[in-house]
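Everything quoted here is computed from the prediction, not taken from an experiment.
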Amino acid sequence: MGHNRTPAAQGRCTLRIKGGGALTEHADYEILGYYNNVKRGNAFIFVKGLGSYSGSRVISFKIGPAAIAVP
């Protein structure tokens, strides 16, 4: 198994309130860590609420196959 990685800024996720708008990282939530996010398949992000938001949550997401550039 590879090491879990923190995604580059362009690969970061956007958290949204159900039926509402997007949350702001560092103001509304903080990312505590990632698990299994090196290879394609199911991966997880651990987040904690800040400010008006409380609690923590584990959210799953899928990593698809990498695009292959053909010269």
request  = Just do the side chain to side chain contact (heavy atoms under 4.5 Å, CB included) check on L23 and I17 with the steps written out, would you?
outcome  = CA-CA 7 Å; L23 299 175; I17 299 173; 3.5 Å; yes

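In this structure, A43 and I63 approach most closely via the heavy-atom pair CB-CD1, 3.9 Å. Looking at every heavy atom in both residues, P65 comes nearest to R40 through CB-NH1, 3.3 Å.
Remark: of the listed residues L50, I31, V47, I31 is the sole one forming a side chain to side chain contact (heavy atoms under 4.5 Å, CB included) with E25.
At least one donor-acceptor pair closer than 3.5 Å links the side chain of N36 to the backbone N or O of N42.
A 4.5 Å side-chain heavy-atom check between I45 and V58 finds every atom pair outside the cut-off.
Separation of atoms CZ (F46) and CD1 (I59) is listed at 10.5 Å; rounding is to 0.5 Å. The CZ atom of F61 sits 7.0 Å away from the OH atom of Y34 when rounded to the nearest 0.5 Å. Note that CG of L15 and OG1 of T24 are 10.0 Å apart. Values are rounded to the nearest 0.5 Å.
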